[in-house]
Each structure stands twice: as C-alpha cells, then as structure tokens.
There are 2 protein chains.
Amino acid sequence: MTSLIPSTRDRLVLNAALLFRQKGYHGVGVAEILARAKAPKGSLYHHFPNGKADLALAAADWASAQMQRVAADAFETAKSFDAGATTFCFKLAKLFDLSDHWDGCPVSSTLFEGPQNQAFREKAASVFSGWIDQIAEYGRAAGLPRDIARDRAEALFIGLEGAWVLARALKTSGPIKRLPRLLGFAPGSGDG
Amino acid sequence: MTSLIPSTRDRLVLNAALLFRQKGYHGVGVAEILARAKAPKGSLYHHFPNGKADLALAAADWASAQMQRVAADAFETAKSFDAGATTFCFKLAKLFDLSDHWDGCPVSSTLFEGPQNQAFREKAASVFSGWIDQIAEYGRAAGLPRDIARDRAEALFIGLEGAWVLARALKTSGPIKRLPRLLGFAPGSGDG
DNA sequence: CTACGTGTAGACCAATCGGTCTAATCCCAG
DNA sequence: CTGGGATTAGACCGATTGGTCTACACGTAG
C-alpha cells in the first residue's frame with residue numbers, strides 16, 4: 001500500500017518535477033527543491049548520488065507516468081479514438097488553465113533545458129516514444145490499422161507540444177482546446 | 001550600408017541569440033556571451049542597462065527576424081501557399097540538421113526558460129503572433145479567405161513547434177520533414 | 001588645447017550555484 | 001541490550017552567477 005506521508009525520495013522527485021516543469025532545469029536550484037521537499041542536502045545525495053542530474057531523470061519519469069495516466073483516463077472511457085483524443089486535449093487544457101496558463105510539457109522543460117548530454121536526450125526520446133506508442137495502442141484498440149494509428153498518435157503528440165508553446169505565450173488554453181479540430185479529431189471535422 | 005565588422009552591440013545580440021537557443025536563458029552565463037562576442041562587461045551594461053534580461057529580449061527579436069527571413073525566402077518564391085509551407089519546413093529541417101539535430105525554436109528557448117515575468121511572456125506573444133500573421137498574409141496573397149489563412153498559419157506554427165520538440169528528442173529532422181504531409185500541405189495529401 | 005559624451009575595459013562584489021564531508025540519528029537484526 | 005547499515009542533518013567548500021563601479025580610451029565640439 002502507499003503511505004500517506006510520501007518518503008523523502010518521493011517528495012524530492014515530486015517537487016523536483018513540479019519545479020522543473022515551471023522553470024526548467026537550470027531555472028531551479030537544488031536548494032529550492034530541498035526546501036519544498038523539506039529534505040536536507042544529505043538525503044538528496046544519498047538517494048541520487050549524481051545529484052541534480054539524476055533527480056531530473058527521475059522527475060521526468062514521474063512526470064511521464066502522470067501524463068500517461070491522464071491519457072489513460074481519457075482514452076479508456078472513450079467510445080472512439082477521436083473521442084479519446086478530444087477528451088485528452090480538454091483534460092490537458094484544464095490542467096494548463098489551473099497552472100496560471102503556464103505549465104507546458106514537463107519533459108521538455110526538465111530535459112531540454114538541462115545539460116546537453118546524451119543521457120538527457122535519450123531519456124527524452126524514450127519518454128516521448130512511450131507516449132506515442134501508448135496513444136497508437138489506443139488507436140489500434142479502436143480498430144485503426146497499425147501505421148494509421150501511429151501517424152495519428154504522432155500528430156497528436158506534435159500538435160500537443162506545439163499547442164502548449166502557443167498557449168503559454170498567449171496565456172490561454174485556446175490552442176489546446178482547438179487542437180482536436182485542427183487535427184481532424186473533432187466531430188464533423190473530416191475523415192476521423 | 002552594413003559594416004563588415006558588426007558593432008559591439010550587434011555581436012552581443014547575435015551571440016546571445018545563438019547561445020540562448022542552444023542552452024536556454026538560464027543555461028547561459030553572461031560571461032560566456034561576453035567571451036564569444038569578445039566584449040567586456042562594461043559594454044553589455046552600457047548597451048543593455050538591465051543586463052541579461054534586456055539582452056534576451058533583443059536576442060529574441062533578432063532570432064524572430066531571422067526566422068521571418070527564412071519564411072519569406074520560402075513563401076515568396078513559391079507557386080502556392082502549400083508549396084511555400086512545404087519549402088519552409090524543409091528549409092528549417094536543413095537548419096536543424098546543421099545544428100547537430102539540436103536547435104529548436106529560438107524564442108521558446110530564450111524566453112520561456114527565463115524569469116517568468118510579464119515582459120518575457122508578452123514578448124513571446126508578440127513574436128509568435130507576428131509569425132502567424134506573416135504566414136497568414138502569405139495565405140491571403142495566395143487567395144485563401146482570411147479565416148482559412150489564419151487557421152492554416154496557426155496549424156503550421158503549432159506543427160512546427162511540436163515537430164521541433166520531437167525532432168530534438170529523436171535526433172532526426174524526420175518529424176519536421178513529414179510536417180507538410182501531416183498538415184495536408186504536401187501534394188496529393190488532401191484538400192490543399 | 002580643454003571639455004564632454006560615448007563606449008570600452010576589467011577589477012571587484014555579494015549571492016547563489018552544485019557538490020562534498022562528517023556527525024548524528026534512526027531502525028531493525030542479533 | 002549491542003552492532004551496523006540506512007538515512008538524515010547541515011556545515012562547509014570552491015566555482016560561478018549577474019551586477020556594480022571606477023578608470024580610461026576615443027572622437028568631436030568649442
């Protein structure tokens with residue numbers, strides 16, 4: 001069972017994920033993460049011997065899992081792939097609004113603004129591939145051919161990443177909400 | 001006429017733009033910018049009294065202008081809006097490959113990883129709106145109705161931002177090159 | 001010549017950075 | 001109880017951060 005009080009390690013990962021998403025890897029100091037997690041420095045370097053970089057990789061995994069849960073919520077109750085994609089976008093638009101119209105892709109913020117090393121890039125590649133695979137699987141389950149499902153999943157991913165960027169600049173979730181229509185997922189918008 | 005030796009101010013903006021694009025606002029120190037621009041600290045704070053923040057805003061403008069030149073090159077010689085959009089994507093894919101498959105949107109890197117203040121967000125909004133307006137204008141010039149042109153322009157922008165993200169993670173310009181097809185701009189791909 | 005505004009040059013500063021290290025504490029095994 | 005690994009606690013470190021400040025070089029106006 002899960003404890004009501006998260007472990008020190010979990011508090012570190014959770015708060016790191018939130019902060020990295022808001023301010024980017026270099027925009028957050030370990031001191032700030034430690035303060036929010038109410039953990040001393042020794043604990044950080046005990047659980048993550050490589051320090052901030054290790055923590056960022058763990059935070060990216062945590063954020064990825066959370067995003068996949070949102071996707072699962074949307075797609076697994078939907079009557080069609082298009083309906084699932086639409087619900088997914090609207091759920092993310094809602095979360096975006098709740099973050100003062102600021103939070104975009106947690107993985108981009110965490111990994112792309114960090115050191116340009118191979119580990120970070122590979123982690124980003126594996127996380128993003130995982131998302132696209134997951135969404136493509138929902139397409140398959142809804143009866144789409146394999147390559148069509150993959151194309152639709154990639155389109156949704158790309159559209160979402162782009163919409164996050166525009167939404168942040170314009171301070172409105174409009175682009176995210178319009179995404180289903182733009183991609184042809186919305187009812188009456190085309191070949192969906 | 002333009003001098004062969006750029007002014008100190010121009011060297012600062014140019015090098016800041018390149019570095020911010022690669023490493024994000026917080027990922028670059030003023031010392032690094034100064035070293036590349038071969039300028040002393042006093043010059044930076046003479047030309048940009050607010051220091052790094054002012055420089056980032058100027059760098060965003062510079063990067064924006066450069067991007068608009070690429071768009072102009074692509075669209076103004078194209079026979080149709082769709083052809084222009086396709087050429088634009090391929091030009092950007094080429095530039096992406098030349099940057100070791102790394103450089104994405106220069107404005108996102110420069111402004112979104114910086115301090116979350118209003119000035120930065122508003123600058124991003126005005127720059128992105130400028131891009132979309134410009135592309136929509138090419139659509140208008142090619143005979144598209146106003147609202148259709150705007151929709152297509154926004155779709156291209158969103159797709160491009162998203163493709164940059166995926167391309168960086170996967171270390172391939174594939175997503176950028178496939179964008180015209182994904183958006184229905186490529187020949188034989190739909191209603192374009 | 002002097003006077004002055006623009007811009008260059010870099011020493012210098014407090015604050016913060018990520019990281020190391022030792023000591024103390026906790027908790028279970030025996 | 002004792003022993004000992006796991007974890008917490010935070011002082012401490014050198015390096016780097018963005019920014020300030022003074023000195024001076026340069027060109028032009030008077």
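Just so it is clear: chains get the letters A, B, ... in the order the sequence lines come, proteins before strands, and each one is counted from 1.
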Practice task
Would you mind checking if B/Lys23 and B/Glu113 are paired as a salt bridge, meaning a charged N to carboxylate O distance below 4.0 Å?
Solution key: no

Completion exercise
Numerically ordered, the residues 31-42 of chain A set in heavy-atom contact under 4.0 Å with DNA chain D is A/Pro40, A/Lys41, A/Gly42

Problem - Short side-chain N/O contact to D/dT7 OP1/OP2 from A/Ser43, under 4.0 Å - result: no

Handout entry: Cation-aromatic face contact A/Arg152/A/Phe81, 6.0 Å, 45 degrees
Key = no

Fill in the blank from the handout: Atom NE2 of A/His46 and atom P of D/dT8 are separated, to the nearest Å, by 7 Å

Practice task
For A/Tyr45 and D/dA9, give me the distance from atom OH to atom P, rounded to whole Å.
Solution key: 17 Å

Handout entry: Length of the line joining B/His26:NE2 and D/dT17:C1', which is rounded to integer Å
Key = 12 Å

Exercise for the section: Could you label the plane-to-plane angle of the A/Phe75 and A/Tyr138 rings as parallel, tilted or perpendicular, counting under 30° as parallel and over 60° as perpendicular? Expected result: parallel

Exercise for the section: Please report, rounded to the nearest Å, how far the P atom of D/dA6 is from the CG atom of A/Leu44. Expected result: 18 Å

Handout entry: Rounded interatomic separation in angstrom, taking NZ from B/Lys52 and C1' from C/dA15
Key = 15 Å

Exercise for the section: Check B/Arg121 against A/Asp100 and note the closest heavy-atom contact, atom names and distance. Expected result: NH2-O, 3.3 Å

Problem - Rounded distance (Å) that lies between atom C1' of D/dT8 and atom CZ of A/Arg11 - result: 11 Å

Handout entry: Separation of C/dC17 P from A/Tyr25 OH (nearest whole Å)
Key = 13 Å

Problem - A/Phe112-A/Phe120 aromatic ring centre distance below 6.0 Å - result: no

Handout entry: Pair A/Arg140 + A/Asp133: basic N to acidic O under 4.0 Å
Key = no

Fill in the blank from the handout: Rounded to whole Å, the CZ-P distance (B/Phe48 to C/dG7) equals 12 Å

Handout entry: D/dT8 OP1/OP2 closer than 4.0 Å to side-chain N/O of A/Thr8
Key = yes

